[in-house]
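Working notes for the structure below.
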Amino acid sequence: MIDVRRLRVELDATKAALARKGVPGAEVNRAATLDVEQRRLAREAEDLRGRVKVLSKQVGDAMREGEPAKAEALREESRLLGNELATVEREGSKTERQLRDALLRLPNLPAPDAPDGTSEADNVVVRTVGYDPARYGPHQRVPHWDIGTDLHILDMERGAKISGSMFSLFTGEGATLARALCQLALDRNSDAFTEVRPPSLVRTPAMEAVGQLPKFADDAYHLERDDLWAIPTGEVPLTFMRANEILTAEELPMRLMAYTPCFRRESGAAGRDTRGLLRVHEFDKVELVAICTRTDAPALHQELLERATGAIAALGLPYRVVDISTGDLGQSHARQFDIEVYAPGCDMWLEASSVSWFSDYQARRAAIRYRPRTGGQTQVCDTLNGSALAVPRVWAALVETYRQADGSVEIPDCLQPYFRGLTSITGSVGRVG
RNA sequence: GGAGGGAUGCGAGAGUGGCCGAAUCGGACGGUCUCGAAAACCGUUGUGGGUGUACGCCCACCGUGGGUUCAAAUCCCACUCCCUCCGCCA
């Protein structure tokens, strides 16, 4: 969430910044009003509590001095104040809850240099790398769902039999390819990132901290019986790992990576771009997370972007980098670059990675602070994350791009080490159907 | 799933209704001493919030949330987590 103090010292600037994300000024005003009211009630409660404390002490003294009548009188006085205090406290905590809820729902301020806009249409393509439509032959203009069926490496029908539509089932070399992509992503980033294998089911506070809740509850799978959420991304456990901790300056910047499954209900996306692997409920992803100081954040954002594009480039896939406009920025995001990979079979640019800077929005919710090297007050950290590689769409673009005239799929050099000597996918290995 | 024990400051650990934001030991930091170090001694050492120009002052926090009471780390209830044993089980 944003720093409440902003609402006190620079309300207009905050409103202007949030207006770029389409937040009505009234919503910001409401939070500001609640803040004023909350502090007023807190001050009143403090005052009353202080008086009760003094009186209570005097009751004890009177008892010890053997003056029961005096004690009783003081007790009565304190009781009355106590009732008053209870009323003020009730009101205070109600206001506090409302304020907290209002703050949780206010999105992060966009970075000043994020492009203005009202929707996806205003996103800016920053650069396109390796794309040449003339270079593709007809054998590459086959969508991956057909290739998958031909080579027996992707079986959406049986995936649906097991779990319903939009659940993928990789078989044989298809499964190997999915795993190899993750292995490659982990290996490429192991120079600077600590590998983590976190839980895939998390508690509500973890989802709240990264901004998934309360606003986007419908997008996540929830296990009611145990009140656990299936993570939509490794970002959730990786960011929450250090929640409620004060880090030392020496630990920063902290670089973490994890290979996790990701679960998404895609509640609002029914029927839209759902063929094959374009949109699935469960997929594997290698996520990179950085926790750092404000000063280090911009450089880390660039670093994450380079690492994410680096993996796509290493696979020999054309891609473009999109600067997300304020109209399309996520709730927690200050700045976001998407990497879209070109899939010649579908003839589509597929969003394959999202590299984001959250300023201190997530860290404030998660209470991740650090103590500056110079000592003094703790500071809220900045958080960033990006997909080092998300399997399905890269898998799709890859088999479409590397499809040969004979129908086989060549395995790019950098993946071959994970293929037990295979150099191309012919569908002959581990045939299931 | 059953039985029992526990959760206190950076760590260990005392505290069972008022004198407790909290003994004691340890750690860390600063200082005295020393050529320097060790030892010894002295001091400092949690988080969040409010308020004032300011040395500051005030409030909250002893796992979380409720309750009892004039007064709660301390009593009661619920929950969460950790540990031990048994059962089950990759």
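Chain letters run A, B, ... following the sequence lines, proteins first, then strands; residues in each count from 1.
At whole-Å resolution of the value, CD in A/Gln58 and C1' in B/C19 are 15 Å apart. Put simply, CG on A/Asp35 is 12 Å from P on B/G49, counting in whole angstrom units. B/G49 atom P lies 22 Å from atom CD of A/Glu44, rounded to whole Å. B/G18 atom P lies 13 Å from atom CG of A/Asp61, rounded to whole Å. With rounding to whole Å, A/Glu72 atom CD is found 14 Å from B/A71 atom C1'. Rounding to whole angstrom units, CD of residue A/Glu245 and C1' of B/C10 are separated by 13 Å. Look at CD on A/Glu89: it is 14 Å from C1' on B/C61, rounded to the nearest Å. Put simply, CG on A/Leu81 is 10 Å from P on B/A71, counting in whole angstrom units.
The salt bridge (Lys or Arg N to Asp or Glu O under 4.0 Å) search around A/Glu306 returns none, not counting sequence neighbours.
At the phosphate of B/G46, neither OP1 nor OP2 sits under 4.0 Å from any side-chain N or O atom of A/Arg371.
Heavy-atom nearest nucleotides on RNA chain B were determined for A/Ile246 and for A/Arg39, and the one closer to the 5' end corresponds to A/Ile246. Both A/Lys53 and A/Arg369 sit near RNA chain B, but only A/Arg369 has its closest nucleotide nearer the 5' end.
Separation of the C1' atoms belonging to B/A28 and B/G9 is 14 Å when rounded to the nearest angstrom. Remark: the separation of the P atoms in B/A22 and B/U80 is 33 Å, to the nearest Å. Taking the P atom of each, B/U53 and B/G46 are spaced 27 Å apart, rounded to whole Å. The same atom, C1', is picked in B/G4 and in B/G87; the two are 15 Å apart, to the nearest Å. On the P atoms, B/G63 is 14 Å away from B/A12, given to the nearest whole Å. Using P as the reference atom, B/A60 and B/G66 are 16 Å apart when rounded to the nearest Å. When the C1' atom is compared between B/U24 and B/G5, the two are found 24 Å apart, to the nearest whole Å. Here the separation of B/A39 from B/G30, taken at their P atoms, is 15 Å to the nearest Å.
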Kindly indicate, with the supporting measurements, whether the criterion side-chain hydrogen bond (donor to acceptor under 3.5 Å, both in side chains) is fulfilled by A/Asp218 and A/Ser267. CA-CA 7 Å; A/Asp218 286 347; A/Ser267 55; 5.5 Å; no
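Side-chain contact of A/Asn83 with A/Thr87: a donor-acceptor pair under 3.5 Å is absent, judged by distance alone. At a cut-off of 3.5 Å, with distance as the only test, no side-chain donor of A/Glu37 or A/Gln98 sits close to an acceptor on the other residue.
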Expected list for residues 68-78 of chain A: side-chain donor-acceptor pairs under 3.5 angstrom, two or more places apart:
residue: A/Glu76; atom: OE1; partner: A/Arg79; partner atom: NE; Å: 3.2
residue: A/Glu76; atom: OE1; partner: A/Arg79; partner atom: NH2; Å: 3.0

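Side-chain rings of A/Tyr361 and A/His333 stay apart, their centers remaining 6.0 Å or farther from each other. Outside the 6.0 Å centre-distance limit, the rings of A/Phe263 and A/Trp229 are not counted as a close aromatic pair.
Proximity of residues 194-211 of chain A to RNA chain B (heavy atom under 4.0 angstrom from any strand atom) is restricted to A/Arg203.
A/Arg255 and A/Glu303 are joined by a salt bridge, as a carboxylate oxygen and a charged side-chain nitrogen come within less than 4.0 angstrom of each other.
Proximity of A/Phe216 to A/Gln331: side-chain heavy atoms (C-beta onward) are separated by under 4.5 Å at one or more points. Residues A/Leu317 and A/Val394 are in side-chain contact: their nearest non-hydrogen atoms beyond the backbone lie under 4.5 Å apart.
Using the six-membered ring where Trp is involved, A/His281 and A/Tyr221 have ring planes that are perpendicular, over 60° apart on the 30 and 60° scheme.
Stems are defined here as 3 or more consecutive Watson-Crick or G-U wobble pairs with pairing distances under 3.5 Å; those involving RNA chain B are B:1-7 with B:80-86, B:10-12 with B:24-26, B:27-32 with B:40-45, B:46-51 with B:56-61, B:63-67 with B:75-79.
For residues 53-62 of chain A, the set of pairs meeting the side-chain hydrogen bond (donor to acceptor under 3.5 Å, both in side chains) definition, not counting sequence neighbours, comprises A/Asp61-A/Arg64.
A salt bridge (Lys or Arg N to Asp or Glu O under 4.0 Å) with A/Arg20 is found for exactly one of A/Asp116, A/Asp113, A/Asp122, namely A/Asp116.
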At a cut-off of 3.5 Å, list every protein nitrogen or oxygen paired with a nitrogen or oxygen from nucleotides 64-70 of chain B, distance to 0.1 Å.
residue: B/C70; atom: OP1; partner: A/Arg79; partner atom: NH1; Å: 2.5
residue: B/C70; atom: O4'; partner: A/Arg75; partner atom: O; Å: 3.4
residue: B/C70; atom: O2'; partner: A/Ser56; partner atom: OG; Å: 3.1
residue: B/C70; atom: O2'; partner: A/Ser78; partner atom: OG; Å: 2.1

